[in-house]
Engineer: 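The following block contains the structure, expressed as structure tokens.
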Amino acid sequence: MKFLYQARNQQGQIAKGYVIAANAAKAEQLLAENNFIIISLKEQRENLLTKVALLFNRVSNKDIVLFSRQLSTLVAARVPILQALRILENQVSNEGLLFVVRSLITSIEGGESLSLAMSKHPEVFDNLFVALVKAGEAAGTVGESLTYLADQAEKDYDLRSKVKGAMTYPAFVLLALAIVGVLMFKFVLPKLTEVLREQGGELPLVSVWLISFTDFFQVYWWVIILLICGGVLGIRLYIDTVSGRYVWDRLKVSVPAIGDMFEKVYMARFSRNMATLVAGGIPIIQAMKILSEVLNNVIYRDIILEASKEVTNGRSVNESLAKYPEFPPLVTQMIKVGEQTAELDTILLKLAAFYEKEVDAKIATLSTLLEPMIMIILGVGVGLLVAGVLLPIYNLASTT
């Protein structure tokens, strides 16, 4: 939610702007943490045009990676934040990111901190980003925090790209098969099935089914396409619900072969993000709460939130996570070693590197397995075509 505020900054000057928060209490807390004395605070609802504009000007993960690296390089070279942002303003090509950079400049010129300015754009800067920048501001190490974030953004982008790349090939093949199937049933099979009708006599069951479906497709092809599109849209809308999201996220880690890959992806992301937060000086309980949102899976979100409550009550991180099968023994044992040696961030980085290699190996294995599976699907399709259409035609030609 967006809240417009009027407040006094540390210099006693009146400042105006807006913050993004879940509710008014969170907005007040955010302003108070940045040393603002609130004069007025009210919610502003976004209109439909604003939402549509944001939809067409989304900032990609690649844009965030480049922005993070460039900003961290400038700040590490002791360029003031405001000047660094103005330099980047002239280099950004994405309209959505350009709007964000200009908003950051305006907010900082109005007396806000970088972390508060970034918190207004949760679609670009997640909780991890804002928390580390805020910790860097408190410790005077914003440059180091931005470097951590740039490294993290690059690793996360690489991981996402590998997973998407593994899914792109089978998706493309299935789409191509669907298009070929539509063209076959619309233009090719009607002529072949007409030959079968003229043949007369008893036809194989496969041929009867094929003729019936071809006739139905000729008349009601638009119904089939609407049902497919409606089904995809319905699934998408269901996933956006609370219960649907739980089902979807559970499926991602439960489906054979693919589930194991997603589990490794989540463990790699958990380990690297946790290491980044710990190295950035974020308290462990706060780090776990931030991580619960960063992993983008409600199953792991609930587990980490429950574990953070146990850590608050005095238990160690490894003990809090060990009872959940979603966290392999390797992870909890490595965390235990890190807690005992006071080198949790180092251990977690090694664990992240291990799981990233495991993801690479899993993707290579899946890619190898997909090729014969696709060949089997093609073989079944060709076999049905031969058995249902070409074989009866061949028999007719042989008897005449």
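Being a predicted model, the structure only gives us computed values, none of them experimental.
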Engineer: Is there a side-chain contact between E358 and K362 in this structure, where contact means two heavy atoms from C-beta onward sitting under 4.5 Å apart?
Structural biologist: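 No, side chains not in contact.
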Engineer: Same hydrophobic cluster for L88 and M118, using side-chain heavy-atom links shorter than 4.5 Å among ILVMFWY?
Structural biologist: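 The answer is yes; both residues are in one hydrophobic cluster.
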Engineer: Any non-hydrogen side-chain atom of L82 less than 4.5 Å from a side-chain atom of E109?
Structural biologist: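 Side-chain contact under 4.5 Å: yes.
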Engineer: Could you grab the distance from atom CZ of R315 to atom OG of S308, nearest 0.5 Å is fine?
Structural biologist: 13.0 Å
Engineer: Does a side-chain N-to-carboxylate-O contact under 4.0 Å join K62 and E154?
Structural biologist: no
Engineer: For the residue pair D63 and S60, confirm or rule out a side-chain donor-acceptor distance under 3.5 Å.
Structural biologist: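 The answer is yes; a qualifying pair exists.
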Engineer: So, Q333 versus N318: side-chain donor-acceptor pair below 3.5 Å or not?
Structural biologist: no
Engineer: Looking at R272 and E356, does any basic side-chain N land under 4.0 Å from a carboxylate oxygen?
Structural biologist: yes
Engineer: Parallel under 30°, tilted from 30 to 60°, perpendicular over 60°: which one fits the rings of F67 and F125?
Structural biologist: tilted
Engineer: Roughly how far, to the nearest 0.5 Å, is CG of L132 from CD of E144?
Structural biologist: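 If we round to the nearest 0.5 Å, E144:CD and L132:CG are 11.5 Å apart.
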Engineer: Using the rule that Ile, Leu, Val, Met, Phe, Trp and Tyr join whenever any side-chain heavy atoms are under 4.5 Å apart, tell me whether V75 and Y148 fall into a single cluster.
Structural biologist: no
Engineer: Tell me, with the steps shown, if K162 and V265 meet side chain to side chain contact (heavy atoms under 4.5 Å, CB included).
Structural biologist: CA-CA 10 Å; K162 289 173 183 176; V265 168; over 6 Å; no
Engineer: Would you give the length of the straight line joining atom CD1 of I284 to atom CG of L344, rounded to the nearest 0.5 angstrom?
Structural biologist: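 If we round to the nearest 0.5 Å, I284:CD1 and L344:CG are 5.5 Å apart.
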Engineer: Could you check, using the six-membered ring where one of them is a Trp, whether Y355 and F270 have ring centers closer than 6.0 angstrom?
Structural biologist: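 When the ring centroids of Y355 and F270 are compared, they turn out to be at least 6.0 Å apart.
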Engineer: S113 and K134: side chain to side chain contact (heavy atoms under 4.5 Å, CB included), yes or no, with the steps?
Structural biologist: CA-CA 8 Å; S113 64; K134 187 175 180 180; over 6 Å; no
Engineer: Quick one: sort the Y300 and Y266 rings into parallel, tilted or perpendicular, breaks at 30° and 60°.
Structural biologist: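 Rings of Y300 and Y266: tilted, as their planes differ by 30° to 60°.
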Engineer: Of the non-hydrogen atoms in I282 and A135, which two are nearest, and what is the gap between them?
Structural biologist: CD1-CB, 3.4 Å
Engineer: Would you say V359 ends up clustered with L349 if hydrophobic residues are merged whenever their side chains have heavy atoms under 4.5 Å apart, either directly or through other cluster members?
Structural biologist: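 L349 and V359: separate clusters.
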Engineer: Using 0.5 Å steps for rounding, measure from the CD1 atom of I239 to the CG atom of L251.
Structural biologist: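 Spacing of CD1 (I239) from CG (L251) equals 9.0 Å.
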Engineer: Please check if L330 and M274 belong to a single hydrophobic cluster, counting links between Ile, Leu, Val, Met, Phe, Trp and Tyr side chain heavy atoms closer than 4.5 Å.
Structural biologist: yes
Engineer: Same cluster or not: are L305 and V298 linked, directly or through other Ile, Leu, Val, Met, Phe, Trp or Tyr residues, by side-chain heavy atoms under 4.5 angstrom apart?
Structural biologist: no
Engineer: Regarding E319 and S316, is there a side-chain donor-to-acceptor distance under 3.5 Å anywhere?
Structural biologist: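 Checked: E319/S316 side chains pair up, N/O donor to acceptor below 3.5 Å.
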